[in-house]
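What follows is a single structure, written as structure tokens, with notes after it.
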Amino acid sequence: MTLDKAFQPESYESRIAEKWEHAGLFRAGEAATTKRFSLVIPPPNVTGALHIGHAFDMTLQDIVVRWNRMLGHDTLWVPGTDHAGIATQMVVEKRLREQGTSRHELGRERFEQQVWKWKDIYRQRIVDSLRRLGCSCDWSRERFTLDPGLSRAVRETFVRLYDEGLIYRGTRLINWCPDCRTALSDLEVDRDKPEQGEMWSFAYPIEGGGEIVVATTRPETMLGDTAIAVHPEDERYRAMIGRRVLHPFFPERDVRVVGDAELADPETGTGAVKVTPAHDPNDFACGLRHGLEQISIFEPDGAVNAAGGPFRGLNRFEARKRVKQALEERGLARGTQAHTLTPGRCQRCRTIVEPTISTQWFLKMEPLAGPALEAVRDGRIRFVPSSWEKTFFHWLENIQDWCISRQLWWGHRIPAWYCGACGEVIVSREPPQRCTSCASGELEQDPDVLDTWFSSQLWPFSVFGWPDKTDELARYYPTDVLVTGFDIIFFWVARMIMAGLKMTGEVPFRTVLFHGMVRDAAGQKMSKTAGNAVEPELLLAEHGADATRFTLAALASSGTDLALSEQRLTGYRAFMNKLWNATRFLLLRLPADDGRQRVTYEADELDDLDRYLIARYLETVEGVDRAYHEFRFDQAAELLYHFLWHTYCDWSIELSKPDLADRADGTDPRRADVRRSVLLDVLDGALRLLHPIAPFITEELWQHLPQRSHAEPFLAASSIPTAERQPLPLPILDDRTELIASFDDWLIGPVNAARGLRAAAGVEPARKVTLRLRPRQPGGARMLERYRDRIEILVRAEQVIIDEGPVPDEPALRQVLETVEVVLPLSGAVDLAKERERLLKEKGKLDRELAASERKLANAKFVSRAPAEVVAKERERLAAGRGRLEEIERLLAQLGTG
RNA sequence: AGGCGCGUAGCUCAGUGGGAGAGCGCUACCUUGACACGGUAGAGGUCGGCGGUUCGAUACCGCCCGCGCCUACCA
């Protein structure tokens, strides 16, 4: 059972995914554990395939999920998808257009069938991608927002909120998309780039003489003007208040000058504002204040309606031209000025939104916002990072009612019926048979559907069967954590909190982990139109799921956006290959046949290297454990990368090679067995630690390791080492700090110095050298003696002389460490000038450091006010530095004379 | 306009009141029996600027500059 020479993720990932699923590892409720851990997936839209942002979000979730599962919790991750009303309807309509038909031609029922087909295809693709990414969801609990159960939750919520008076039907100014032909909520209106426009002025003649000049960016709306507003204190216009102006196209219309301190600002423009109550939010409010007539001038598609008289039938932009033209012809144009403005655009189709008076369903938000604010303020819900709380508070404190009805065919139909006989509105969980008021059977259901987010906000409990009091709901709700992007903090997170508190009386989750957005290598937003979007499927195919996940985890630092680059991916792919080969090395060094177990060993059998490796491992366990606790996946990834590549491969494996080599000489077989077992146990532990981030490769490699027991058939279902609990029989060393320091001082330091000298002298890598080590501390010779053999290997020395005697005057390169003077004698000539330069550089650096130390210690305030240990440390630094300086000066003197 | 965040090596980013780190990239050398998706050694930074607090500031505070995001407004 050996491994391929290079790691090839495609050779095992799908096999492992199947094994996991077949074994039912991710089904919650199977383990009889007391503590449970649950979360719900932010359901991807069935609009299309998974994008890289999803892959990132899902990777973070799966890390949390796998980590919890390995902690022994009954872990449930509920997967599912979202119907995404407007977005999905749009893509399907686009498809229909390409096929030369339309939803209107098909009719509602057949159109809905088409969308369901679309949904089936993309749900499958999404689910496949999630599996491929390694997501350990409980697939037996997959949900879709239009499932019967979830639809029932939507109706239940609607009826309850209606009965309480929180949901109401009203005629108000709403955001209308003339292209999608539906109402939008405030959040679905984007204001992106400022655009160049004009401020165009024209005059309204005043009845009885004179004129009043107004400026506007939308001249066409003057067709719906019903007043001119001026500031009541504005001297220029005060006398005109109450006067009638003559509408150029509708002279019979009663348009008057009104005084309105809120709308009119004397500083802006001419100080006089035209008022179009039916097509502007501020004008609408002004209209209510003054009882103005609201004249809607557009059809749902944005064309001018009958109220526009001669301009009827023109679209908004054509109408603008023609209105301007007509006003010019009448001599009423009064000039133009360049003006930048940022029009509101439909989030989905980018069409400029038309504020329109319309009858829609609304949800009162203020009564819901209070408890949500409270839940975050008092810590029942924790935001990570907490900086998002302010944003959340600000939005909820200024919240507006939510327009929840949409003029779409794809979504949850509004559970309201209208009586054709008496006009009664009946809101009901189930379709009513007769009018509750007049008993007529002539009932018609509201044709509209609800905003998608109305159902999404119920997701954390609707997936568990709410409103029924199911066992699942009792066990897994409230969920523990929600992992999502900050871009939907208002759309989704805030609304879930409000809905959860309102409908269940409990918070929907205890912690919200916000992450940033995935950008391209240059830090630019990814978009299909810009052509810089990365398909997760391609990444998985090219680098494997683990390298992709590891990259995303490593870049996921505290909620900020991340720049994903190909270089990063290849780098971490190389790491996976390194890990693969380290395991391969161990497996190749195992006894050929029956002895493929890890022997048990006693703590006193461990040598210095075993103990050093274990010490570093335990250090890593603690760091990674802390990082997972704090959702710092970047730190976990970094610690594991460093430990596995550098500590484990570069030092431990390299130093172990002689012990594990097939040698007929007197190598102690017991020693080799112990070393192998330690290496295997530490690797086993490291694979466990890494598993939440890189599940496939760790599972594959772990399956190849000789197991300590068969109690844990899968790594995915095994336990993870923590600061408190070690699943492997490694000793908890209590002298870790000393072990590590000793290794660094007497082995790693001298080896690095000697290698540096080799390189400085230009010694060919293959050439063996003699190395002289002169301990500079008491007991140093004994320490060096301990590491002599290992130093010999790593420095490629044929001889290591540990020398406490007087300094031999030989041609050599030297480096003075705090603990050791490392001497590389050279049989050939030493380039004296070069060596002098090297030592001078070292001396220069030391001089600067010593000067700084001396200055500090000469400062009476430092000595008296700084903590004693800081002062002591500084004194030590000074003493050690002086010692080194003396040595270097001695060497320089020697060079000068020699 | 208000709010939030960022500015540290060529790039992407960690980090801490007590002489700055990582990954990648770069340079030189090396096909050594786990791995060239590799190894060894190196170069590279007045931690955005100016003030303040402090014995000591890259870190804390204030102001400024630059960048990004969010909310609001935009006759």
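Everything quoted here is computed from the prediction, not taken from an experiment. Heavy-atom basis, side chains included; hydrogens, waters and symmetry copies ignored.
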Dump the intermediate steps for side chain to side chain donor-acceptor pair (under 3.5 Å) on E566(A) and H543(A), then the final yes or no. CA-CA 10 Å; E566(A) 195 63 26; H543(A) 303 283; 2.9 Å; yes
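Heavy-atom contacts from other residues, nucleotides or ligands closer than 6.0 Å to CD of E764(A) number more than 12. Annotation for R626(A): atom CZ does not count as buried by contact number, only 12 or fewer foreign heavy atoms lying within 6.0 Å. Other residues, nucleotides and ligands contribute at most 12 non-hydrogen atoms within 6.0 Å of the CD atom of E262(A).
Between the CG atom of N859(A) and the C1' atom of U54(B) there is a distance of 12 Å, rounded to whole Å. Summarising the geometry, the separation between NE2 on H543(A) and C1' on G23(B) is reported as 16 Å, rounded to the nearest angstrom. Between the CD atom of Q400(A) and the P atom of U71(B) there is a distance of 14 Å, given to the nearest Å. Rounded to a whole Å, the CG atom of L639(A) is 14 Å from the C1' atom of G23(B). Here C70(B) presents its P atom at 8 Å from CZ of F486(A), a figure rounded to the nearest Å. Counting to the nearest Å, the C1' atom of C73(B) and the CG atom of D265(A) are 12 Å from each other. The nearest whole Å value for the distance from the CZ atom in F392(A) to the C1' atom in C70(B) is 15 Å. Between the CG atom of L396(A) and the C1' atom of U71(B) there is a distance of 13 Å, rounded to whole Å.
For N398(A) and U71(B), the shortest distance from a side-chain N or O to OP1 or OP2 is not below 4.0 Å. Note on W645(A): a side-chain N or O is less than 4.0 Å away from OP1 or OP2 of G39(B).
When the ring pair (Phe, Tyr, Trp, His ring centres under 6.0 Å) test is applied to H247(A), the partners found at least two apart in sequence or on another chain are Y204(A), F250(A). Not counting sequence neighbours, E389(A) has no partner by the side chain to side chain donor-acceptor pair (under 3.5 Å) test. For E188(A), the side chain to side chain donor-acceptor pair (under 3.5 Å) test picks out S185(A), R406(A), with sequence neighbours left out.
Among the heavy atoms of the strands lying under 4.0 Å from T216(A) are primed sugar atoms or P, OP1, OP2 only; no base atom is included. Here H642(A) lies out of heavy-atom contact (under 4.0 Å) with every strand. Among the protein residues, G269(A) comes within range of no part of the nucleic acid, since none of its heavy atoms lies under 4.0 Å from any strand. Contact annotation for D283(A): no contact, since no heavy-atom pair falls under 4.0 Å across all strands. Across all strands shown, L263(A) has heavy atoms under 4.0 Å from base atoms, whether or not it also approaches the sugar-phosphate. Looking at heavy-atom distances under 4.0 Å, A760(A) makes no contact with the nucleic acid at all. Base engagement by V870(A) is indicated by at least one non-hydrogen atom pair under 4.0 Å involving a base atom. Residue contacts for H646(A): at a heavy-atom cut-off of 4.0 Å it reaches the sugar-phosphate backbone alone, with no base atom in range. Residue-level contact check: F490(A) touches the backbone only, with heavy atoms under 4.0 Å from sugar-phosphate atoms and none from bases. Looking at heavy-atom distances under 4.0 Å, P867(A) makes contact with a base. At the heavy-atom level, K841(A) lies under 4.0 Å from the strands shown only through sugar-phosphate atoms.
Rounded to the nearest 0.5 angstrom, I693(A) CD1 and D546(A) CG are separated by 10.5 Å.
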For nucleotides 28-36 of chain B, read 5' to 3', which letter fits each nucleotide if B means a protein heavy atom sits under 4.0 Å from the base, S means only the sugar-phosphate is that close, and - means neither? -SS-BSBB-
Heavy-atom protein contacts under 4.0 Å, nucleotides 1-14 of chain B, coded B base, S sugar-phosphate only, - none: ---S-------BSS
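Classified by interplanar angle (parallel below 30°, tilted 30° to 60°, perpendicular above 60°), the ring pair F7(A)/W580(A) is tilted. Taking the six-membered ring where the residue is Trp, F631(A) and F633(A) present perpendicular rings, their angle passing 60° and hence far from 30°. Relative orientation of the W388(A) and F514(A) rings is tilted, given thresholds of 30° and 60° on the angle between their planes.
Comparing the same atom, C1', in A14(B) and in A59(B) gives a spacing of 14 Å after rounding to whole Å. U53(B) and G62(B) have their C1' atoms separated by 11 Å, given to the nearest Å. Taking atom P on both nucleotides, G25(B) is separated from C50(B) by 35 Å, rounded to a whole Å. As rounded to the nearest Å, G45(B) and G7(B) have C1' atoms that lie 14 Å from one another. Taking the P atoms as reference points, C64(B) lies 12 Å from G3(B), given to the whole Å. Spacing between C61(B) and U16(B) at atom P, rounded to whole Å, works out to 14 Å. Going from the C1' atom of G33(B) to that of G42(B) covers 28 Å, rounded to whole Å. Look at the C1' atom in both C4(B) and G23(B): the space between them is 29 Å, to the nearest Å.
Between A574(A) and K274(A), the residue anchored closer to the 5' end of RNA chain B is A574(A), taking for each the nucleotide with the nearest heavy atom. Nearer the 5' end of RNA chain B, as judged by each residue's closest nucleotide, is the contact made by L187(A), out of L187(A) and T217(A).
No donor-acceptor pair under 3.5 Å is formed between the side chain of R191(A) and the backbone N or O of P343(A). R758(A) contributes no side-chain N or O that, together with a main-chain N or O of A753(A), makes up a donor-acceptor pair within less than 3.5 Å.
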Intra- and interstrand pairs of RNA chain B - dot-bracket, Watson-Crick/G-U under 3.5 Å, | marks other strand: (((((((..((((....[..)))).(((((.......))))).....(((((..]....))))))))))))....
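For R345(A) and D190(A), the salt-bridge test fails: no basic side-chain N is under 4.0 Å from an acidic carboxylate O.
Residue R191(A) places its side chain closer to C73(B) than to any other of A41(B), C73(B), C37(B).
A cation-pi arrangement is absent between R218(A) and W200(A), since the terminal nitrogen or guanidinium carbon is not both under 6.0 Å from the aromatic centre and inside a 45° cone about the axis.
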